[in-house]
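To start, the structure itself, in structure tokens.
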Number of protein chains: 2
Amino acid sequence: MIEKIDLDKRDWIAGLEKGLRVIEAFNDAHPRLTASTAARRTGITRSAARRYLLTLQHLGYVDSDGQHFWLTPKVLRLGWSYFDSAKVPRAAQPHLQRISVALGGAAFFAVLDEDDVVFVARDGFSQIQNVGFVLGARLSANLVAAGVAMLSCQSPAEIDHWLSGRKFVAYTPHTATTEAAVRENINNARNRGYALLEQQLTLSVRGIAVPIRKRSGEIVGAVSVSLPMEGETSERAVARALPLLREAEYALMSAF
Amino acid sequence: MIEKIDLDKRDWIAGLEKGLRVIEAFNDAHPRLTASTAARRTGITRSAARRYLLTLQHLGYVDSDGQHFWLTPKVLRLGWSYFDSAKVPRAAQPHLQRISVALGGAAFFAVLDEDDVVFVARDGFSQIQNVGFVLGARLSANLVAAGVAMLSCQSPAEIDHWLSGRKFVAYTPHTATTEAAVRENINNARNRGYALLEQQLTLSVRGIAVPIRKRSGEIVGAVSVSLPMEGETSERAVARALPLLREAEYALMSAF
DNA sequence: GACTATTGCGCGACAATCGCGCAATAGTGT
DNA sequence: ACACTATTGCGCGATTGTCGCGCAATAGTC
């Protein structure tokens, strides 16, 4: 993990970086950590890891039985600060509502964070009970229309970098699991100017998304809608959805 | 802000506490901060606040135009670590699914964090589009059945402390906005052993919740269900919902 | 009961963090 | 246009907070 830090050393708070590393060391596979395991996972010494865990415990972000440490719901405050403060999801909300009502599906605003798509705003419900579609949830960008829409705006070099060494997990029998198939989805999206994905993450569900840019051209996210596939051709769904998505796109462009 | 820290000074990482304070300084009313405003809001000096913001920026948790700083979606990773690692929401999930399917509403698992209810697991959808019912969302405990259920298990002293100096915001014309009314809700819940709230947060919506305890008796959270009120008496709704909630309660009791 | 792996904690040393204070800049009003 | 105020970035010397070693104690295994 070599990182180029051209930041003046005197403006770098080592303790904060390590502390955040400790919080992120908790995950699915490691729901509870001891001082030693935390040290191993974060690459800091055991003494230090223990100090960070104790500090987090006294701040209320982790709890402990003396041996093991685990995160408390207080850490959710940190993520929630983003929703409270970010203007992007808030600006998108009324447009999402209009889309979800008109189309009868669920509308999302998503952004890219490193390699993942993160859903930061939502309106409307659908029969899709997939836990992936929760605010703050992150998914590999190739799995959802919003992700492919954003990838399609990147330069070939960035896309190559994104694809390199990536493992594709099949969520349905239709999930694109080869680099070529994923690349085709991205190319299709670029050519069309919108992304259309079917049954990649959930069976019988279709996603349509358009990338959202600032006036400067910079990508800030994507607006997407999830629709049930049954009883509707993809052409018909696109014809219904695209005008609304475009409308949101233009409105949001001037908002940023 | 006098805090009693009987923790050995040598096990206290000051930089981590300040850094987290800086992240939490971003909120609804202060979506973007400068070094100076961050300093004022966190109580640390301007130089230090600037150092923390720069560190967060280089870690990717905040972005900046050079003057103002704002949070990026990366901070959502921190909150997500909790969902990935916490066993409580995961243990509750199958029960929530059973409840939501059987009752046709949305089922939640909620915990208390300080004074707020935090929803940490959900299954099923309802016509309730309230943004409050999102994973990680926090609400004043008196507004939702799950919160009242948990409050009803606290000691009188704890309840008094919770009530003291609290402002009650009316979300609907039926919201309990006086201390007496809130107290009555809590007392009713204690007497019945479950909480029943109607139209406190959303019109035409009824919530029913039971507190979840460990075997030791310690409260770990509450399971709740949101149901539309129309066409059903409260007695009938309770009769339908309570057996399922109790079933989840007993199952979860042995899980912790 | 010896073995290994882990833990809490004290200590001395070092470097990382501190906040002052300067100069430069941005924004306001007369 | 001018001074006036409130910012800002940044250098510096001082000190305090963080480091990781190493010990003794404990927990778990064969």
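All chains are named by letter (A, B, ...) in the order of the sequence lines, taking the proteins before the strands, and each is independently numbered beginning at 1. Not measured: the values here are computed from a predicted model. Reckoned from all heavy atoms, side chains included, excluding hydrogens, waters and symmetry mates.
A search for salt bridge (Lys or Arg N to Asp or Glu O under 4.0 Å) contacts involving B/R40 returns nothing, not counting sequence neighbours. Under the rule for a side-chain hydrogen bond (donor to acceptor under 3.5 Å, both in side chains), the partners of A/R190 that lie at least two apart in sequence or sit in another chain are A/N187. For B/D63, there are no salt bridge (Lys or Arg N to Asp or Glu O under 4.0 Å) partners, not counting sequence neighbours. The side-chain hydrogen bond (donor to acceptor under 3.5 Å, both in side chains) search around B/R213 returns none, not counting sequence neighbours.
Annotation: of the two residues near DNA chain D, B/A35 and A/G15, the 5′-most nearest-nucleotide partner is B/A35. Nucleotides of DNA chain D nearest to B/A14 and B/R50 differ in position, and the one nearer the 5' end is that of B/R50. Of the two residues near DNA chain C, B/I44 and A/T37, the one whose nearest nucleotide lies more 5' is A/T37.
Residue pairs meeting the side chain to side chain donor-acceptor pair (under 3.5 Å) criterion with at least one member in residues 64-77 of chain A, sequence neighbours excluded: A/R77-B/D113.
Rounded to whole Å, atom C1' of C/dG8 lies 10 Å from atom CG of A/L54.
A donor-acceptor contact under 3.5 Å is formed by the side chain of A/R51 with the base of D/dG20.
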Between the protein and nucleotides 22-27 of chain D, list every N/O to N/O distance that falls short of 3.5 Å.
residue	atom	partner	partner atom	Å
D/dG22	O6	A/R46	NH2	3.4

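Of the candidate nucleotides D/dG20, D/dT18, C/dT17, D/dT18 has the atom nearest to the side chain of A/Y52.
Contact between the side-chain N/O atoms of B/K18 and the OP1/OP2 oxygens of C/dT17 is not found at any separation under 4.0 Å.
Between the side chain of B/E247 and the backbone N or O of B/I99 there is no donor-acceptor pair closer than 3.5 Å.
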